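Note on naming: letters A, B, ... go to the chains in the order of the sequence lines (proteins, then strands), and numbering restarts at 1 for each one. All figures in this text were calculated on a predicted structure; none of them were measured in a lab.
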Amino acid sequence: MQPTISQIGSYVGKEVRFGAWLFNRRSSGKIQFLQLRDGTGFIQGVVAKNDVDPQVWENARNLTQESSLYVTGTVREEERAPSGYELLVTGIEPIQIAEKYPISLKEHGTEFLMDHRHLWIRSPRQRAILSIRSQIIQAVHEFFYQNGFKKVDPPILTPTSAEGTTTLFHTKYFDEDAYLSQSGQLYMEAAAMALGRVYSFGPTFRAEKSKTRRHLIEFWMIEPEMAFVDHEENLKIQEEFVSYVVQDVLKHCRRELNFLTRDTAKLENVKPPFPRITYDEAIQLLKEKGHEIEWGEDFGAPDETAIAESFDKPVFITHYPTEIKAFYMKPDPNRPEVVLCADLIAPEGYGEIIGGSQRIDEPELMLKRFEEHGLSKKDYQWYLDLRKYGTVPHSGFGLGLERTVAWITGTEHVRETIPFPRLLNRLYP
RNA sequence: UCCGCAGUAGCUCAAUGGUGGAGCAACCGGCUGUUAACCGGUAGGUUGCAGGUUCGAGUCCUGCCUGCGGAGCCA
């Protein structure tokens, strides 16, 4: 294989040839500095007029921003270079001289950049974020495989909604109505009864008119579901899981985190156990901070941020009122007005990254909830069956990938944490 | 859906109700260590759309469109 820029350190003193794009050029009359990228990294190529064939000089001079080429040169250590290496160019074979590139090195507005998202992802910052996203995805799979989970893929086309709360994308399934999945959870409960410990990792669709830095219309969710796991063990698995992912990124993506000027000390600190407060305590805390909130209300984004500010790690908020949570959550046996659930709030104002709970396993209570929520027993017969044929205590949770990427990378808005975001007013590109 | 802000050159922004400018990008030229290089020059405009007020509107008023920020909902 030809070398990549990321591997260039092992070719010091040798001549290499690889494919690259020119993302910038600075010239000084008799010396040109070519800023080259190949997707794996960046390196500066130096072309000195007196040291190269006139054709090489001319080829370099004609390269425009984002032109593609094969470059040949000698690798050398250079302490002035950000990566520590530089390429003394000896050959340039243009593949294509690019047309005038729309994205300049100067600042651009969000609308313009989003319209050119297919090109924007070439920029160093976007490359760093998407690289870390890839590492997070890999770490997620590693964690679950190491802990005996099986990956199960729930359907994306579904006949009805899972929770009945959020607005779904409607489509047709031949002559029937169908909806894009907003959560695979109910199917994962069935899978947990078959395979024990399972997780899903796939796209999720919410037709909500949400317009904030924490919302996407299409986003990726990791949903583990575990038989014979209660609320307490559920939280332990969550804190082990989140810590594993963060530490793995710290191990493999130092360069990217530094480029993004992420304060890694805050990430180093993300190790079990995570602090826990009950919903009751959270209400008390917010009242002390002057927030206007009463028991029984759900937290808004400013409330979550205020709670997160009181801790230097992700924090669990447990035992929410039964009234404001999903129908399938198991009530606390000692206090049926609250459920055995927890939301995990990321530090630094990145908001809720996990929602989870122990599920109702008693058939009678599940039937009662169906009646209370007006859910169709016919549509969900398969789900009710799970409580009839060997029901067991079980728990699960859902982690939002993009919010997790935003938090770990220190990115303000989730739209930069997914290659091609689907937003309220954006389906292009 | 609601609240707030904005829309001027390819991009980022100036312009007191009185002749629409600058930086970057592009093009031409200069420079052997540049780091969003720098210096000189050239070219680049239906001021989001429609209407109104005025001797005169990029600027003031009304409506619409688009975008941004936030809320609700959620991961």
**Request:** State which residues pass side-chain hydrogen bond (donor to acceptor under 3.5 Å, both in side chains) with A:Thr409; sequence neighbours excluded, sorted by chain then number.
**Result:**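 Expected list: A:Thr411.
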
If the cut-off is 4.0 Å, is [X] near the phosphate of [N], judged by side-chain N/O to OP1 or OP2?
| X | N | answer |
| --- | --- | --- |
| A:Arg415 | B:G69 | yes |
| A:Arg213 | B:A71 | no |
| A:Asn425 | B:G67 | yes |

**Prompt:** Among residues 112-120 of chain A, which residues get a heavy atom nearer than 4.0 Å to RNA chain B?
**Reply:**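 Contacts with RNA chain B under 4.0 Å: A:Phe112.
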
**Asked** Contact class for A:Gly351 (heavy atom, under 4.0 Å): base, sugar-phosphate, or nothing?
**Response**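 No contact.
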
**Request:** Output all residues satisfying side-chain contact (heavy atoms from CB on, under 4.5 Å) with A:Asn59, sequence neighbours left out; order by chain, then residue number.
**Result:**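 Here the qualifying residues are A:Gln55, A:Ile92, A:Pro94.
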
**Prompt:** Looking at residues at least two apart in the chain, or sitting in another chain, which of them share a side-chain contact (heavy atoms from CB on, under 4.5 Å) with A:Ser181?
**Reply:**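 Only A:Thr158 meet the side-chain contact (heavy atoms from CB on, under 4.5 Å) criterion with A:Ser181.
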
**Stem list, RNA chain B (Watson-Crick or G-U pairing under 3.5 Å, at least 3 consecutive pairs)** =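 Correct response: B:1-7 with B:65-71, B:10-13 with B:21-24, B:26-30 with B:38-42, B:48-52 with B:60-64.
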
**Prompt:** Less than 6.0 Å separating the ring centroids of A:Trp382 and A:Tyr187?
**Reply:**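 A:Trp382 vs A:Tyr187: aromatic centres under 6.0 Å.
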
**Prompt:** How about A:Tyr279 and A:Phe299: are their ring centroids closer than 6.0 Å?
**Reply:**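 Centroid distance A:Tyr279-A:Phe299: below 6.0 Å, so yes.
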
**Asked** For nucleotides 23-32 of chain B, read 5' to 3', which letter fits each nucleotide if B means a protein heavy atom sits under 4.0 Å from the base, S means only the sugar-phosphate is that close, and - means neither?
**Response** -SBS----BB

